[in-house]
Amino acid sequence: MTGGAGFIGSHVVRQLINAHPDYRIVNLDKLTYAGNLANLDDVAGKPNYRFVKADITDFDHMCSIMSEYQIDGIIHLAAESHVDRSIKDPFTFARTNVMGTLSLLEAAKRYWQSRPEGFDGKLFYHISTDEVYGALELNLPDEPAPYGTELFVETTRYNPHSPYSASKASSDHFVRAYHDTYGMPVVISNCSNNYGPNQFPEKLIPLFINNIRKGLSLPIYGRGENVRDWLYVEDHAKAIDLLFHKARVGETYNIGGFNEWKNIDIVKLLIKVVDRMLGRPEGFSDHLITYVTDRAGHDLRYAIDSTKLATELGWKPSLQFEEGLERTVRWYLDNQAWIDGVTSGDYLKYYKEMYDGR
Ligand code: NAD
Ligand code: TYD
């Protein structure tokens, strides 16, 4: 596993450790601002788990880790993952997401080719995003969702708009190129927006839960009309476990919840849930909603068609959004120490620069 100390990665590590106690799992992570070993406190002492601090762009280190731990399967999640950061600092995204993925691919290829069995029984599983497909139209009447006639399918043409999605698209192309050129066994999945415990509070849902609790403003980009398709993180982790074992090699699978929401509707729901859980009267935090300058290149709508995963492997999301959101809010309210831990130091400086002047 790479990126196992991050938001989704930590749920995948837990899923694999619990579902496959016979596996030896190595969690390789650089521990950037987004990586946090506290996410894995409950599994860190398991006998089948090792943590290795390493940077995926360090090719020599990737090669030595492959042979030291005799790695035969990779689930690659390590990445820079926040669109707003990619707008400010695209080079870091190209370095980690493109060069880092390439260095991991090449290290895996060389190690596996050096083994007597070659690529047999090996798999490089690359975790990607629906954002590589670009943006969909909003062209259906307002309620209920879906908000447009089109959904992203696995064959939708790549059309990324942000430096983040461009770097993920590029890494996807390298993974496919290693399959087509060298015969490397690869699988790619492209998932919609995740939410749930342990997400770094720079992303919409955890940022806003924290701000509502503290009485801080809720900066909604543009008019809040943008649509995202939300999936509870544990459902994504289960899909990853399933695909790692059952996907057809060389294939791509979309993962999503058929769960489209406009940002403004999520924010209103969050205000309701947080205020209720804190014993505040209805409408107490409504005044915190603040419309701010839109994100540059802001994609209007993402919506995933995950029929292929459902029909081939029988996967479907287990949670309704309202229930998942309640669980998520409860977790953040009960884990203030976690939030305080990850939002000190450098993060405060970043947050101030990001929102000052808006
Ligand atoms: P995250 O930012 O929470 O975690 C990323 C992890 O990668 C961190 O632990 C970080 O320390 C590690 N990392 C970063 N650079 C590294 C490097 N150079 N070497 C080694 N480790 C490094 O991200 P996330 O939200 O958990 O996303 C994980 C993956 O899933 C990413 O590839 C992302 O593109 C993809 N994805 C995310 C979402 C989402 O909604 N969050 C949706 C679809 C796909
Ligand atoms: P985000 O959580 O950053 O995920 P992504 O950009 O990968 O979809 O943002 C989700 C949506 O919320 C997106 O349309 C941007 C919007 N947004 C705001 O309106 N205000 C904010 O402060 C943030 C972080 C996001």
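Whatever order the structure lists ligands and atoms in, that order sets their numbers, starting from 1.
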To the nearest 0.1 Å, how far is atom 28 (C) of ligand 1 from its closest protein heavy atom, and which atom is that?
L77 O, 3.5 Å
Any N/O pair L204/ligand 2 closer than 3.5 Å:
yes
Checking heavy-atom distances from atom 21 (C) of ligand 2 to each of Y195, Y221, Y164, the winner is Y221
Could you tell me whether a side-chain N or O of N263 sits under 3.5 Å from a main-chain N or O of E225, the two making a donor and an acceptor?
no
If we number the atoms of ligand 1 from 1 as shown, the ones under 4.0 Å from a heavy atom of T129 are 43 (C), 44 (C)
Using a plain distance cutoff, I'd like to know if H76 has any nitrogen or oxygen under 3.5 Å from a nitrogen or oxygen of ligand 1.
no
Would one find an N or O of N226, backbone or side chain, under 3.5 Å from an N or O of ligand 2?
no
Taking both backbone and side-chain atoms of H298, is any N or O found less than 3.5 Å from an N or O belonging to ligand 2?
yes
Side chain proximity check, W315 to D235, heavy atoms < 4.5 angstrom
yes
Considering both backbone and side-chain atoms of N36, is one of its nitrogen or oxygen atoms within less than 3.5 Å of a nitrogen or oxygen in ligand 1?
no
Is any side-chain heavy atom of L231 less than 4.5 Å from a side-chain heavy atom of Y195?
no
Passes salt bridge (charged side-chain N to carboxylate O under 4.0 Å, His left out), E326 versus R330? Steps please.
CA-CA 6 Å; E326 292 252 341; R330 183 79 274 153; over 6 Å; no
Quick check on S192 - does any of its heavy atoms sit under 4.0 Å from an atom of ligand 1?
yes
Test the R295-Y221 pair against the cation-pi criterion, namely NZ or CZ under 6.0 angstrom from the six-membered ring centroid and within 45° of the ring axis.
no
Looking at E234 and R14, is any side-chain nitrogen of the basic one under 4.0 Å from a carboxylate oxygen of the acidic one?
no
Just to confirm my output: which protein heavy-atom neighbour is closest to atom 44 (C) of ligand 1, and how far is it?
S128 O, 3.2 Å
Short N or O distance, K30 and ligand 1, threshold 3.5 Å exclusive:
yes
Geometry only, no angles: is D29 polar-contacting ligand 1 at N/O separations under 3.5 Å?
yes
Taking R176 first and then D180, would you say they form a salt bridge - that is, a charged N and a carboxylate O separated by under 4.0 Å?
no
Would you mind reporting whether I56 and H76 have side-chain heavy atoms less than 4.5 Å apart?
yes
Less than 4.0 Å is my threshold; does some heavy atom of A54 fall inside it relative to ligand 1?
yes
Give yes or no for whether the N/O distance cutoff of 3.5 Å, strictly under, is met between I56 and ligand 1.
yes
To atom 15 (N) of ligand 1, the nearest of D55, I240, T96 on a heavy-atom basis is T96
Measure K168 to ligand 1 on non-hydrogen atoms and call it side chain, backbone, both or neither using the 4.0 Å cut-off.
side chain
Test your reading of the structure: does E202 have an N or O sitting under 3.5 Å from an N or O of ligand 2?
no
Between F174 and H126 (judged by ring centroids, cut-off 6.0 Å), do the two rings come close enough to count as a pair?
no
Compute the shortest N/O to N/O distance between L207 and ligand 2 and return yes if it is under 3.5 Å, no if not.
no
Hey, does Y125 have a side-chain heavy atom less than 4.5 Å from the side chain of I74?
no
May I ask you to identify, for V292, whether its side chain, its backbone, both or neither come under 4.0 Å of ligand 2 on a heavy-atom basis?
neither
Taking atom 25 (O) of ligand 1 as the reference point, the nearest protein heavy atom with its distance:
F7 CD2, 3.7 Å
N or O contact, K203 vs ligand 2, cut-off under 3.5 Å:
no
Just say parallel, tilted or perpendicular for the rings of W261 and F321, cut-offs at 30° and 60°.
tilted
I need the nearest protein heavy-atom contact for atom 41 (N) of ligand 1: residue, atom name and distance, please.
I8 CD1, 3.7 Å
Taking a cutoff of less than 4.0 Å between a non-hydrogen atom of the residue and any ligand atom, is F208 in contact with ligand 2?
yes
C191 N/O under 3.5 Å from ligand 1 N/O
no
Residue, atom and distance of the protein heavy atom nearest atom 33 (C) of ligand 1 read Y164 OH, 3.5 Å
Between K53 and D29, is the closest basic N to carboxylate O distance under 4.0 Å?
no
Return a yes/no value for R295: is any of its N or O atoms, backbone included, closer than 3.5 angstrom to an N or O of ligand 2?
yes
The protein heavy atom nearest to atom 4 (O) of ligand 1 is G6 CA, 3.5 Å
Between I240 and I127, the two heavy atoms sitting closest are CD1-CD1, 3.8 Å
Any N or O of W230 closer than 3.5 Å to N or O of ligand 2
no
Would you say H20 and H245 make side-chain contact, with heavy atoms under 4.5 Å?
yes
Give yes if a backbone or side-chain nitrogen or oxygen of S81 is under 3.5 Å from a nitrogen or oxygen of ligand 1, and no if not.
yes
Output yes when the distance from some N or O of ligand 1 to some N or O of Q199 is under 3.5 Å, and no in every other case.
no
In the structure I gave you, are the side-chain heavy atoms of L104 and F124 within less than 4.5 Å of one another anywhere?
yes
Min side-chain heavy-atom separation L216-L288 under 4.5 Å:
no
Inspect the contact between E80 and R95 and indicate whether a charged nitrogen and a carboxylate oxygen are less than 4.0 angstrom apart.
no
So, do T343 and Y33 sit near enough that their side-chain heavy atoms are less than 4.5 Å apart?
no
Does ligand 1 have any atom sitting under 4.0 Å from a heavy atom of Y33?
no
Which heavy atom of the protein is the closest neighbour of atom 40 (O) of ligand 1, given with residue, atom name and distance?
N194 N, 2.8 Å
So is L31 in contact with ligand 1, going by heavy-atom distances below 4.0 Å?
yes
Please classify the I127 to ligand 1 contact at 4.0 Å (heavy-atom distances, strictly less than): side chain, backbone, both or neither.
both
Compute the ring centroids of Y158 and Y133, then answer whether they are less than 6.0 Å apart.
yes
I'd like to know if R301 and E150 make a salt bridge, using a cut-off of under 4.0 Å between side-chain N and carboxylate O.
no
Using a 4.0 Å cut-off to any heavy atom of N193, which atoms of ligand 1 qualify?
40 (O)
